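Note that the coordinates shown come from a computational prediction; the quantities given were computed from them, not determined experimentally. Quick note on labels: first sequence line is chain A, next is B, and so on, each numbered from 1.
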Number of protein chains: 2
Amino acid sequence: MYKISEFVNITGLSKETLRYYAEVKLLEPAYIDPLNNYRYYDDGSYFLAILLVKLRSFGFTIQEMISVMDDKSFANLEKILQQKRSTILLQIDNLTAKLGELDEFLESGREND
Amino acid sequence: MYKISEFVNITGLSKETLRYYAEVKLLEPAYIDPLNNYRYYDDGSYFLAILLVKLRSFGFTIQEMISVMDDKSFANLEKILQQKRSTILLQIDNLTAKLGELDEFLESGREND
DNA sequence: ATAAACTGTGGGGTGCACCACAGAGTCAAT
DNA sequence: ATTGACTCTGTGGTGCACCCCACAGTTTAT
């Protein structure tokens with residue numbers, strides 16, 4: 001069992017983020033001491049937290065992470081990962097297109113100077 | 001002189017956006033009728049509005065657009081365009097890296113199944 | 001026993017770039 | 001003159017994913 005400050009250190013998630021994740025039922029503490037409401041996390045929490053950090057870095061929204069977590073067999077995971085992959089490819093395409101337009105605009109600016 | 005509804009049509013900016021742009025002094029009406037506060041735009045406004053639409057599509061923030069507009073010689077424009085170009089390249093790099101990580105993650109997932 | 005460090009709760013705030021809406025005044029066309 | 005369309009102002013809300021703060025209770029170390 002990890003107390004919150006330890007869990008913050010090993011996961012890299014802030015205490016506010018952990019609190020928020022508990023609130024939206026994305027990642028709830030493994031145990032809450034009924035005497036003082038202190039929240040404790042365990043190794044299972046740790047595994048999930050590391051996964052969440054990874055998914056977050058892939059641009060998963062909270063909702064997407066919840067839908068991954070809700071399905072404990074993680075069958076949704078690959079599907080959403082594929083979706084996210086397409087999204088990233090699309091974003092790259094859009095940025096590349098934008099870059100082209102921007103270069104074009106820079107060119108036209110030079111002509112007019 | 002264009003009345004607001006005409007200006008909305010020819011620029012593609014919404015009336016709320018125009019109002020907002022006026023509020024932050026990004027693009028102010030060419031004339032405001034003191035009798036009824038109706039806002040009117042002219043061809044100069046039109047030129048600027050078209051530029052703003054373009055810059056916005058390049059991902060310029062309001063502040064960046066303001067700094068372009070504040071310098072009427074547009075000397076800042078090319079500089080910021082170049083900055084934005086770098087930003088876009090960086091974003092593409094980051095997304096590409098993320099794609100790599102995601103594919104790696106997908107791979108490792110398959111191994112563990 | 002005392003002080004420092006930790007943790008909880010509730011609620012507000014953040015940033016960005018707008019959008020929405022109510023109510024009142026105004027204009028254009030018939 | 002009337003109707004419908006237009007425009008104004010002020011204010012609140014949006015979405016996302018948190019962050020921050022005060023205050024109070026609790027734990028840990030000395």
* Structure fact -> Heavy-atom nearest nucleotide on DNA chain C taken for M65(B) and for D33(B); more 5' hit belongs to M65(B)
* Asked: When you measure from the side chain of K15(B) to the backbone N and O of V8(B), does any donor-acceptor pair fall under 3.5 Å?
  -> no
* Asked: So, D33(A) side chain and N37(A) main chain: donor-acceptor pair closer than 3.5 Å or not?
  -> no
* Structure fact -> Rounded to whole Å, the CG-P distance (L35(A) to dG8(C)) equals 14 Å
* Tell me, do I92(A) and I88(A) make a side-chain contact under 4.5 Å, heavy atoms counted? -> yes
* Asked: Looking only at side-chain N and O atoms, does N36(A) come under 4.0 Å of OP1 or OP2 in dT27(D)?
  -> yes
* **4.5 Å side-chain heavy-atom contact, L55(B) and E64(B)** => no
* **Pair listing, ring pair (Phe, Tyr, Trp, His ring centres under 6.0 Å) test, anchored in residues 26-64 of chain B, at least two apart** => F105(A)-F58(B), F7(B)-Y41(B)
* Hey, does the side chain of E28(A) reach the backbone of K25(A) with a donor-acceptor pair shorter than 3.5 angstrom? -> no
* To do: Check whether any side-chain N or O of N76(B) sits under 3.5 Å from a backbone N or O of S67(B) as a donor-acceptor pair, and report yes or no.
  => yes
* Side chain proximity check, K3(A) to R39(A), heavy atoms < 4.5 angstrom -> no
* **Inter- and intrachain pairs under ring pair (Phe, Tyr, Trp, His ring centres under 6.0 Å), touching residues 63-84 of chain A, at least two apart** => none
* Give me the residues of residues 80-89 of chain A where at least one heavy atom lies under 4.0 Å from an atom of DNA chain D, by number, or none. => none
* Rounded distance (Å) that lies between atom P of dA17(C) and atom CD1 of I62(B) -> 5 Å
* **Sorted by number, the residues of residues 16-32 of chain A with heavy-atom contact under 4.0 Å to DNA chain D** => E16(A), T17(A), Y20(A), Y21(A)
* Asked: Any side-chain donor paired with an acceptor under 3.5 Å for N9(A) and Y2(A)?
  -> no
* Does the side chain of T96(B) come under 3.5 Å of the side chain of D93(B) through a donor N or O and an acceptor N or O? -> no
* Has the side chain of T17(B) got a donor or acceptor atom that lies under 3.5 Å from a matching backbone atom of L13(B)? -> no
* Contact under 4.0 Å: N37(A) side-chain N or O vs dT9(C) OP1/OP2 -> yes
* Specify the residues of residues 39-60 of chain A, ordered by number, for which at least one heavy atom lies under 4.0 angstrom from an atom of DNA chain D. => R56(A)
* List in numerical order all residues of residues 1-15 of chain B for which some heavy atom is under 4.0 Å away from an atom belonging to DNA chain D. => K3(B), I4(B), S5(B)
* With no hydrogens and no angle check, is any side-chain donor or acceptor of Q82(A) less than 3.5 Å from a backbone partner on K79(A)? -> no
